Amino acid sequence: MNPGNLFIISAPSGAGKTTILKQVMSELERLVFSVSHTTRPPRANEVDGKDYHFVNRDVFKKMRAQGEFLEWAEVHRNFYGTSISSVNSHLADGLDVVLDIDVQGARQIREARGGDAVFIFIMPPSWDELENRLTGRGTDSRETINLRLNNAKKEMDKVDLYDYVIVNEKIDEAVAALRSIIIAERIRNRRSTAGLPITFPTSS
Ligand code: 5GP
């Protein structure tokens, strides 16, 4: 069986990535979300093991020392990492895996796998809109919002690292764009639109 595709998805926080991803994940089969480890405390609506594996800094550092991460980065003063085990077995089973990671992590995977992963960047339509979205969601302090805006500037400079760029002006269009990319990459990988190996029964 052809191994699955690895989709790397990055965006400045507030670009709408989580909403777009959740929608596409609910629509497409054979697409698995890789749950990262983080030292960030959970937000009110987040579930351990589903949104993230929430761990303390000691556990994270131990995993890092044992080479358990495919990539890792410090983002907004917290550690985040993708464990190798959460990715490789799914790919080997022919499932597509989505990594929601920052630009530093994406660069590590680009260096390790070259073209053997699909890199997608989601951007907001404007700075004003990004600030509105970050302020409007009411989950973060002013200090956190400023930190995120600063990081967004740096991340937007790295857009050339990515194969595809989606501008999230209208959520439905951004969802359609991401879905189209995933389907196109499946077909390129000689699989059906549903992500299954192509079979071509011959008459006996
Ligand atoms: P948040 O704290 O808002 O959930 O995520 C902050 C940033 O960390 C986002 O840009 C997200 O994509 C990134 N992130 C989440 N998990 C990982 C990971 O495993 N590795 C890396 N490098 N970044 C991650």
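These numbers come from a predicted model, not from an experiment. One-based numbering, in listed order, for ligands and for the atoms of each. Start at 1 with the first residue, then count along the sequence.
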Quiz item: When only distance counts, is S36 in polar contact with ligand 1, meaning an N/O pair under 3.5 Å?
Solution: yes
Quiz prompt | salt_bridge(R142, E131) N-O dist < 4.0 Å | solution = yes
Quiz item: Non-hydrogen atoms of S10 versus ligand 1: any pair closer than 4.0 Å?
Solution: no
Quiz item: Just wondering, are more than 12 heavy atoms of other shown residues or ligands nearer than 6.0 Å to CZ in R77?
Solution: no
Quiz item: Salt bridge check: are D163 and R110 linked by an N-O gap of less than 4.0 Å?
Solution: yes
Quiz prompt | Residue part near ligand 1, for R148, under 4.0 Å between non-hydrogen atoms | solution = side chain
Quiz item: Of all the non-hydrogen atoms in the protein, which one sits nearest to atom 12 (O) of ligand 1, and at what distance?
Solution: D100 OD1, 2.6 Å
Quiz item: What protein heavy atom is closest to atom 3 (O) of ligand 1, reported as residue, atom name and distance in Å?
Solution: R43 NH2, 3.0 Å
Quiz item: Of the options V75, N78, V55, which is the one that meets R40 in a side-chain contact (heavy atoms from CB on, under 4.5 Å)?
Solution: N78
Self-check item: Interfacing atoms of ligand 1 (cut-off 4.0 Å, heavy-atom, K17)
Solution: 9 (C), 10 (O), 11 (C), 12 (O)
Practice problem: Please assess E71 against T82 for the test side-chain hydrogen bond (donor to acceptor under 3.5 Å, both in side chains), listing each intermediate value before the final yes or no. | Solution: CA-CA 6 Å; E71 62 73 39; T82 305; 2.5 Å; yes
Exercise. Fit a plane to each ring of H37 and H53, take the angle between them on a 0 to 90° scale, and name the class: parallel (under 30°), tilted (30 to 60°) or perpendicular (over 60°).
Key: tilted
Quiz item: Taking NZ, NE, NH1 and NH2 as the nitrogens, is one of them in K17 or E155 under 4.0 Å from a carboxylate oxygen of the other?
Solution: no
Quiz item: Is there a side-chain contact (heavy atoms from CB on, under 4.5 Å) between F119 and I109 once you walk through the steps?
Solution: CA-CA 10 Å; F119 294 77; I109 295 186; 4.0 Å; yes
Practice problem: May I ask you to test the E185-D96 pair for a side-chain heavy-atom distance under 4.5 Å? | Solution: no
Quiz item: Around atom CD of Q66, are there more than 12 heavy atoms of other residues, nucleotides or ligands at under 6.0 Å?
Solution: yes
Practice problem: May I ask you to list the atoms of ligand 1 that are less than 4.0 angstrom from any heavy atom of T82? | Solution: 19 (O)
Self-check item: atom 7 (C) of ligand 1: the protein heavy-atom neighbour that sits closest, reported with distance to 0.1 Å
Solution: V75 CG1, 3.8 Å
Practice problem: Give the contacting part of H53 toward ligand 1: side chain, backbone, both or neither, where contact means a heavy-atom distance below 4.0 Å. | Solution: neither
Practice problem: Can you pull out the closest protein heavy atom to atom 6 (C) of ligand 1? Residue, atom name and distance to 0.1 Å, please. | Solution: Y80 OH, 3.6 Å
Exercise. Apply the side-chain contact (heavy atoms from CB on, under 4.5 Å) test between L147 and each candidate in N150, N151, T144; give the one that qualifies.
Key: N151
Self-check item: Subset of ligand 1 atoms that lie under 4.0 Å from at least one heavy atom of A73
Solution: 22 (N)
Quiz item: For ligand 1, does E71 get within less than 4.0 Å through its side chain, its backbone, both, or neither, judged by non-hydrogen atoms?
Solution: side chain
Practice problem: Take every heavy atom of Y52, measure it against each atom of ligand 1, and state whether any distance is under 4.0 Å. | Solution: yes
Quiz item: Any N/O of E155 closer than 3.5 Å to an N/O of ligand 1?
Solution: no
Quiz item: At a 4.0 Å threshold, what atoms of ligand 1 neighbour a non-hydrogen atom of G105?
Solution: 22 (N)
Quiz item: Any N or O on R40 sitting closer than 3.5 Å to an N or O of ligand 1?
Solution: yes
Exercise. Give the residue, atom name and distance (to 0.1 Å) of the protein heavy atom nearest atom 13 (C) of ligand 1.
Key: D102 N, 3.8 Å
